[in-house]
Q: 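Structure provided below as structure tokens; questions to follow.
Remember, predicted model here, so these are calculated numbers, not experimental data. All values below were derived from every heavy atom in this structure, side-chain atoms included, with hydrogens, water molecules and symmetry-related copies excluded. If you read the sequence from its start, that first residue is 1, and numbering goes on from there.
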Amino acid sequence: MENPFIFGLATWGEWFTDRETDAKRLSANFRYGVNTILISPRRWGKTSLVRKVSEDVRSSNLKVVTMDVFACRNAEEFYTLYATELIKQTASRWEEWVENAKRFLSGLVPRISFGVDPMTDFTLSFDFSNQQQNEEVLNLPQKIAKEKGIHMVVCLDEFQQIAEFDNALYFQRKLRSAWQLHQDVTYCLYGSKQHLMTKLFSKQSMPFYKFGDVIYLQKINTADWIAFICRRFEVTGKQISPQLAEKICLTVENHSSYVQQLAWLLWVQTDVKATEAGFEAAYTDLLNQNSMLYFKYIDGLTTYQLNFLYAVAVGVTSEFTRSENLVRYQLGTSANIRRLKTSLENKELIDISGKTVSFNDPIFKLWFKKNVRRF
């Protein structure tokens with residue numbers, strides 16, 4: 001029997017839920033050469049969406065290359081990953097990798113190395129002290145696309161990581177100056193640190209301002225989740241009521257990964273038909289599974305930070321500087337609120353949308369409210 005629910009990794013096929021409007025828009029951008037910036041909190045389904053659309057649009061004339069830059073700590077590691085994945089994903093055999101590396105990077109004299117499995121363990125490296133060679137790496141997709149007579153879409157996951165590099169602004173300018181001239185390549189840049197991604201693409205002073213179509217991914221609506229959950233139970237010979245499926249969604253605030261995880265835990269508890277008792281057991285299990293992680297979240301937080309989180313957990317989402325809120329939740333002075341917001345946003349514990357503050361992780365919110373009583 002197949003696992004009816006998938007969480008913690010990108011979904012595909014029958015496990016992919018809704019996103020029809022987002023998929024249609026992203027597909028059009030890929031097909032018609034519109035650069036895309038995709039932004040949402042972690043585990044809302046960005047990677048799954050890009051994966052689905054990439055599979056839908058691939059053809060003999062349209063090639064999609066995807067890579068995750070999260071592990072890149074500096075520009076040199078970015079260049080290495082970028083060149084390696086472009087060469088690997090635009091050819092099917094290791095002999096072609098070697099041939100194409102020499103052909104398309106002729107000015108670099110790349111060092112080519114293979115691991116135990118030559119079909120997968122393939123890496124390029126260069127002399128990064130030569131700026132002209134670095135520019136050749138950045139122009140590699142355009143060169144490949146033009147010579148092969150194709151259009152290419154380059155998808156870079158966790159793109160906000162480049163903001164952590166040394167001389168980050170200089171590096172961003174280099175990327176923008178190269179990529180904006182590419183006529184046969186479209187870029188899809190996405191990441192889960194929403195405040196960093198927003199800063200990269202919405203500030204006029206930043207190199208990537210107005211680089212493309214910015215899509216702020218929204219949560220999947222409850223009705224679509226209910227239909228999905230009920231269908232997944234049914235295909236495995238079990239049943240769940242629409243009311244209980246809705247309870248799953250509302251409990252985790254329609255957070256994609258947690259909807260799938262809580263539904264899975266309830267499915268495990270279910271023999272034939274899901275029950276309220278089974279739901280409570282699954283919910284408790286979900287909290288317990290994450291408790292050690294959440295203890296790490298709060299370890300080292302100041303009293304003011306804990307008090308601020310508690311205020312958000314019990315329903316305060318704005319107007320933190322009002323005197324009654326400052327006194328009731330012991331938040332200090334009104335000048336302290338901005339520092340609290342910035343520090344907790346940088347720790348990825350809260351999301352700030354306009355004047356509204358919320359927890360990034362809805363299960364952490366429930367756990368915090370239950371286990372970290374402040375007043």
Side-chain angles (χ1 to χ4, degrees), residues 6-12 16 19 22 26 29-30 35-55 64-86 88-89 123 137-138 140-141 152-176 178-179 185-203 206-209 211-219 255-258 293 297 345-352 360-361 364:
I6 291 179
F7 54 93
L9 67 159
T11 58
W12 63 93
F16 187 84
R19 298 283 185 214
D22 295 319
L26 187 59
N29 287 357
F30 282 11
N35 295 328
T36 305
I37 296 91
L38 189 59
I39 303 174
S40 81
R42 192 179 304 279
R43 296 185 296 178
W44 274 30
K46 294 181 298 298
T47 303
S48 298
L49 175 62
V50 172
R51 177 175 178 171
K52 171 184 167 48
V53 172
S54 297
E55 292 173 351
V64 181
V65 174
T66 61
M67 62 190 81
D68 188 341
V69 302
F70 181 74
C72 296
R73 295 166 296 178
N74 51 51
E76 288 76 14
E77 291 184 359
F78 178 92
Y79 288 131
T80 298
L81 173 72
Y82 194 67
T84 300
E85 292 304 317
L86 284 166
K88 283 177 64 175
Q89 295 185 44
T123 306
V137 172
L138 294 181
L140 178 60
M152 188 185 300
V153 179
V154 178
C155 302
L156 298 171
D157 198 356
E158 301 297 354
F159 185 73
Q160 78 282 334
Q161 188 65 24
I162 69 168
E164 307 293 332
F165 295 173
D166 291 337
N167 299 317
L169 278 177
Y170 172 75
F171 182 68
Q172 291 168 47
R173 292 190 188 100
K174 285 182 64 67
L175 296 186
R176 176 70 189 256
W179 292 351
V185 184
T186 300
Y187 293 90
C188 177
L189 313 175
Y190 51 113
S192 56
K193 292 186 178 180
Q194 188 164 332
H195 66 291
L196 290 179
M197 288 291 290
T198 300
K199 179 181 178 181
L200 282 173
F201 295 99
S202 66
K203 283 198 169 186
M206 299 300 286
F208 275 97
Y209 178 69
F211 182 68
D213 180 24
V214 180
I215 302 176
Y216 286 91
L217 202 63
Q218 303 299 309
K219 292 179 179 177
H255 187 288
S256 296
S257 183
Y258 282 135
L293 174 64
Y297 281 1
E345 185 180 41
N346 288 338
K347 292 177 182 293
E348 297 185 71
L349 297 181
I350 62 171
D351 175 57
I352 302 175
N360 268 344
D361 185 330
F364 178 46

Q: A side-chain contact here means heavy atoms from C-beta on lying under 4.5 Å apart; do H195 and N346 qualify?
A: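 Sidechains of N346 and H195: in contact.
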
Q: Hey, mind stepping through L169 and M206 against side-chain contact (heavy atoms from CB on, under 4.5 Å) and telling me if it holds?
A: CA-CA 8 Å; L169 278 177; M206 299 300 286; 3.8 Å; yes

Q: Measure across Q172 and A163 and return the closest heavy-atom pair with its distance rounded to 0.1 Å.
A: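 Looking at all heavy atoms of both residues, the closest pair is NE2-CA, 4.2 Å.
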
Q: Minimum heavy-atom separation for E158 to V69, with atom names?
A: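 Minimum heavy-atom separation between E158 and V69: O-CG2, 3.1 Å.
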
Q: Starting at CG of N360, measure out to CD1 of I350 and round the result to the nearest 0.5 Å.
A: 8.0 Å

Q: Kindly indicate whether the side chain of N74, heavy atoms from C-beta on, has any atom under 4.5 Å from the side chain of D166.
A: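 N74 vs D166: side chains apart.
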
Q: Looking only at heavy atoms, what is the nearest atom pair of F165 and A75, with distance?
A: CD1-N, 3.8 Å

Q: With a 4.5 Å limit on heavy-atom distance, are the side chains of Y190 and I215 in contact?
A: no

Q: Specify the closest pair of heavy atoms between I37 and G212, including all atoms of both residues, with the distance to one decimal.
A: CD1-N, 3.6 Å

Q: Could you pull out all residues at least two apart from F364 that satisfy ring-ring contact (aromatic ring centres under 6.0 Å, His included)?
A: Y294, Y297, F359, F368

Q: Would you say K219 has more than 12 foreign heavy atoms packed within less than 6.0 Å of its NZ?
A: yes

Q: In sequence, state the C-alpha distance, the side-chain angles, and the governing distance for M67 and T84, and then conclude on side-chain contact (heavy atoms from CB on, under 4.5 Å).
A: CA-CA 10 Å; M67 62 190 81; T84 300; over 6 Å; no

Q: Tell me the closest heavy-atom pair linking R173 and P207, and the distance in Å.
A: CG-CG, 3.6 Å

Q: Does the side chain of Q160 reach to within under 4.5 Å of the side chain of L189, using non-hydrogen atoms?
A: no

Q: Any chance the side chains of T186 and N29 put a donor and an acceptor closer than 3.5 Å?
A: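 Side-chain D/A pair, T186 to N29: absent.
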
Q: Please indicate whether F70 has more than 12 foreign heavy atoms, meaning atoms of other residues, nucleotides or ligands, lying under 6.0 Å from its CZ.
A: no

Q: What I'd like to find out is whether the side chain of Y82 reaches to under 4.5 Å of the side chain of C72, using heavy atoms alone.
A: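 The answer is no, as the side chains (C-beta and beyond) never meet within the 4.5 Å cut-off.
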
Q: To the nearest 0.5 Å, tell me how far E164 CD sits from K193 NZ.
A: 5.5 Å

Q: Are any non-hydrogen side-chain atoms of E85 and V154 less than 4.5 angstrom apart?
A: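 No, side chains not in contact.
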
Q: Do the side chain of Q89 and the main chain of T66 share a donor and acceptor less than 3.5 angstrom apart?
A: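 Such a contact is found between Q89 side chain and T66 backbone.
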
Q: When rounded to the nearest 0.5 angstrom, what is the spacing between CG in D157 and SG in C188?
A: 9.0 Å

Q: Could you walk me through whether C155 and V64 pass the side-chain contact (heavy atoms from CB on, under 4.5 Å) check?
A: CA-CA 7 Å; C155 302; V64 181; 3.9 Å; yes

Q: If I take atom OG from residue S48 and atom CD1 from residue I6, how far apart are they, to the nearest 0.5 angstrom?
A: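 Reported to 0.5 Å precision, the distance equals 9.0 Å.
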
Q: Does N167, at its CG atom, have more than 12 non-hydrogen atoms belonging to other residues, nucleotides or ligands within less than 6.0 Å?
A: no

Q: Can you see which heavy atom on L175 is nearest to which on F78, and at what distance?
A: CD2-CE2, 4.0 Å

Q: Taking the side chain as C-beta and beyond, is there a heavy-atom pair between V214 and S202 under 4.5 Å?
A: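 Counting from C-beta outward, V214 and S202 never come under 4.5 Å.
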
Q: Can you list the residues that meet the ring-ring contact (aromatic ring centres under 6.0 Å, His included) rule with F211, with sequence neighbours excluded?
A: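 Counting only residues at least two positions away or on another chain, F211 forms a ring-ring contact (aromatic ring centres under 6.0 Å, His included) with F208.
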
Q: Taking K46 for its side chain and S40 for its backbone only, find out whether a donor-acceptor pair lies under 3.5 Å.
A: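 Side chain of K46 to backbone of S40, a donor-acceptor pair under 3.5 Å: yes, one is there.
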
Q: When rounded to the nearest 0.5 angstrom, what is the spacing between CZ in R176 and CG in L138?
A: 14.0 Å

Q: May I ask you to test the F201-F159 pair for a side-chain heavy-atom distance under 4.5 Å?
A: yes

Q: Kindly compute the distance separating CG (D351) from CG (D361), expressed to the nearest 0.5 Å.
A: 12.0 Å

